[in-house]
Amino acid sequence: MFDSFWSLVTYDIGIDLGTTNSWVYVKGKGIVLNEPSVVAINTRNKQVLAVGRDAKKMLGRTPSSVSAIRPLRDGVISDFDITHAMIRYFIRKVHGMSSRFIKIPRPRVVVGVPSSVTEVERQAVVDAAKYAGAREVYVVEEPMAAAIGCKLPVQDACGSMIIDIGGGTSDIAIISLGSIVVDKTIRVAGDEMDENVTDYVRQKYNLLIGMRTAEEVKIKIGSAYPLKEEKSVTIQGRDLMTGLPKSVEVNSVEIREAIMSSIKIISDAAHDAIEAAPPELVSDLYANGIVLTGGGSLLEGFDKFFSEYLHIPVRIPESPMTSVVDGTAVMLDDLELLRKAQDSWADVI
């Protein structure tokens with residue numbers, strides 16, 4: 001009856017707390033929020049000035065008294081207070097609470113985290129959500145949530161493999177009978193590719209560009225496999241020799257060369273996961289294929305590269321960026337599945 005009362009005044013929430021972007025699902029409403037995981041604060045008094053898109057616009061453009069911060073690094077909390085402010089912002093926004101004087105309802109919250117994070121890091125997520133107003137917090141592994149969101153048969157006695165490439169981490173998991181049998185998380189993903197691009201442009205063209213520009217170049221012309229028609233784009237930055245503005249044209253062949261080291265690291269990690277799996281599950285993977293999700297899966301030709309490298313069919317779901325938050329939605333409708341999907345040591349708060 002107590003839960004029934006809360007269901008009348010609050011909405012249960014699923015959060016994919018990503019290094020680059022965060023997605024929020026509200027039970028009964030669907031996905032209602034997709035915002036950059038960025039918080040802008042006044043460094044003098046620690047006041048939060050903006051969260052999400054408004055804060056991201058400030059990256060690289062703030063005066064000395066303002067700092068635009070990504071509170072998550074490599075998929076885990078690096079700044080507890082800022083993460084708390086961000087989660088609180090999400091909860092208040094989805095409940096339509098604009099005034100800080102209104103007491104927010106206390107929802108049940110499910111948060112996806114990389115499977116490799118430590119107990120301390122996971123507890124930090126729980127504490128941040130609890131202090132932000134949640135009455136219950138469930139922490140689930142992102143690859144499991146993504147697999148459930150992709151409607152893989154995770155409860156069956158067969159092997160399912162998922163590769164979730166986000167901004168800070170790439171989560172690789174082989175799942176059977178409701179548990180992760182083989183788990184490998186590496187802190188090489190989209191952000192690392194952006195750094196690859198900035199390094200390449202600096203070394204080849206003596207041009208300094210920001211991470212936002214590098215990300216835009218990667219999205220526009222980046223690829224993991226040769227394209228039928230290669231692309232090019234003009235980028236602007238600061239000439240390291242003269243210190244003045246400068247423009248250069250780069251093409252997709254160059255960007256593919258720049259990010260290939262990161263692509264191969266992720267591919268090698270997937271290979272190692274398959275090598276560590278029991279033979280019976282490996283045979284399932286050959287039959288059922290691998291699912292590639294996360295924002296990184298949108299890199300053109302990534303599925304084809306993986307398929308040729310691993311000699312296993314690879315597919316991308318219809319909505320790869322929302323796989324984790326879609327999984328939290330399924331679990332909020334099935335609390336038994338949610339409790340099974342939780343890490344064995346994670347307590348409900």
- prompt: Which distance, rounded to the nearest 0.5 Å, do you find between the CG of Leu332 and the OH of Tyr138?
  reply: 9.0 Å
message: In the structure I gave you, are the side-chain heavy atoms of Val111 and Arg122 within less than 4.5 Å of one another anywhere?
response: no
- prompt: Honestly curious: do Ile255 and Ile219 fall in one hydrophobic cluster under the side-chain, below-4.5 Å linking rule?
  reply: no
field: Ser323 side chain near Asp164 side chain, heavy-atom distance below 4.5 Å
entry: no
query: Can you find a heavy atom in the side chain of Asp12 that is under 4.5 Å from one in the side chain of Glu136?
result: no
query: Rounded to the nearest 0.5 Å, how far does CG of Asp239 lie from CG of Leu207?
result: 7.0 Å
- request: May I ask you to test the Lys304-Val314 pair for a side-chain heavy-atom distance under 4.5 Å?
  value: no
- request: Check whether more than 12 heavy atoms from other residues, nucleotides or ligands sit under 6.0 Å from atom NZ of Lys184, and answer yes or no.
  value: no
query: Between Val325 and Val24, what is the shortest heavy-atom contact and its length?
result: CG2-C, 4.1 Å
- prompt: Between the side chain of Asn42 and the main-chain N/O of Arg44, is any donor-acceptor distance below 3.5 Å?
  reply: yes
task: Could you grab the distance from atom CG of Leu240 to atom CZ of Arg202, nearest 0.5 Å is fine?
output: 7.5 Å
field: Minimum heavy-atom distance between Val137 and Lys130, given as atom pair plus value
entry: CG2-N, 4.0 Å
field: Considering all heavy atoms, the nearest His84-Ala128 contact
entry: CD2-O, 3.8 Å
query: Does a donor on one side chain sit under 3.5 Å from an acceptor on the other, for Gln123 and Asp127?
result: yes
- request: Give a yes or no on whether the backbone of Thr234 and the side-chain of Glu249 come within a donor-acceptor separation of less than 3.5 Å.
  value: no
message: Ignoring hydrogens, what is the shortest heavy-atom contact between Met241 and Asn206? Give both atom names and the distance.
response: CG-ND2, 4.1 Å
- line: In this structure, CG of Asp268 is separated from OH of Tyr309 (nearest 0.5 Å) by 3.5 Å
message: Membership question, hydrophobic clusters at under 4.5 Å side-chain separation (ILVMFWY): are Ile263 and Ile265 in the same one?
response: yes
- request: Kindly give the heavy-atom pair with the smallest separation between Ser252 and Leu227, and that separation in Å.
  value: OG-CD1, 3.9 Å
field: OG-CG distance between Ser176 and Leu281, expressed to the nearest 0.5 angstrom
entry: 5.0 Å
CA sep, side-chain torsions, deciding dist, call: Asn34, Thr322, side chain to side chain contact (heavy atoms under 4.5 Å, CB included): CA-CA 9 Å; Asn34 167 27; Thr322 65; over 6 Å; no
message: In this structure, would Leu299 and Val250 fall into the same cluster of hydrophobic residues linked by side-chain contacts under 4.5 Å?
response: yes
query: For Arg108 and Lys27, what are the C-alpha separation, side-chain angles and deciding distance, and is it a side chain to side chain contact (heavy atoms under 4.5 Å, CB included)?
result: CA-CA 10 Å; Arg108 175 186 290 120; Lys27 188 173 181 178; 5.7 Å; no
query: Roughly how far apart are Ile186 CD1 and Ile172 CD1, rounded to 0.5 Å?
result: 5.0 Å
query: How are the rings of Phe302 and Phe305 set to each other: parallel, tilted or perpendicular (split at 30° and 60°)?
result: perpendicular
- request: Carefully, step by step, assess Asp191 and Arg70 under the rule side chain to side chain contact (heavy atoms under 4.5 Å, CB included).
  value: CA-CA 12 Å; Asp191 289 350; Arg70 283 184 167 170; 4.0 Å; yes
- request: Side-chain contact test, heavy atoms from C-beta onward, threshold under 4.5 Å: evaluate it for Val140 versus Ile148 and give yes or no.
  value: no
query: Has the side chain of Lys246 got a donor or acceptor atom that lies under 3.5 Å from a matching backbone atom of Tyr205?
result: yes
- prompt: Does Glu215 use its side chain to pair, donor to acceptor, with the backbone of Arg212 at less than 3.5 Å?
  reply: no
message: Using modelled atom types and a 3.5 Å cut-off, is there a donor and acceptor pairing between side-chain atoms of Ser170 and backbone atoms of Val188?
response: yes
query: Would Met260 and Ile165 show up in the same hydrophobic cluster when neighbours are defined by side-chain heavy atoms closer than 4.5 Å?
result: yes
field: Chi angles and distances behind the side chain to side chain contact (heavy atoms under 4.5 Å, CB included) call for Asp303, Arg315
entry: CA-CA 6 Å; Asp303 53 340; Arg315 67 180 178 88; over 6 Å; no
statement: Here the pair of heavy atoms bringing Ala134 nearest to Val109 is CB-CG2, 3.6 Å
- prompt: Tell me, do Tyr200 and Ile259 make a side-chain contact under 4.5 Å, heavy atoms counted?
  reply: no
- request: Determine whether Ile162 and Val181 fall in the same hydrophobic cluster, where Ile, Leu, Val, Met, Phe, Trp and Tyr are linked whenever their side-chain heavy atoms lie under 4.5 Å apart.
  value: no
field: Close side-chain approach of Ile266 and Met193, heavy atoms under 4.5 Å
entry: yes
- prompt: Given side chains that start at C-beta, do those of Met86 and Leu17 come closer than 4.5 Å, heavy atoms only?
  reply: yes
query: Taking NZ, NE, NH1 and NH2 as the nitrogens, is one of them in Glu300 or Lys231 under 4.0 Å from a carboxylate oxygen of the other?
result: yes
Of Ile290, Thr293, Val291, Asp171, the residue whose pairing with Ile163 passes side chain to side chain contact (heavy atoms under 4.5 Å, CB included): Ile290
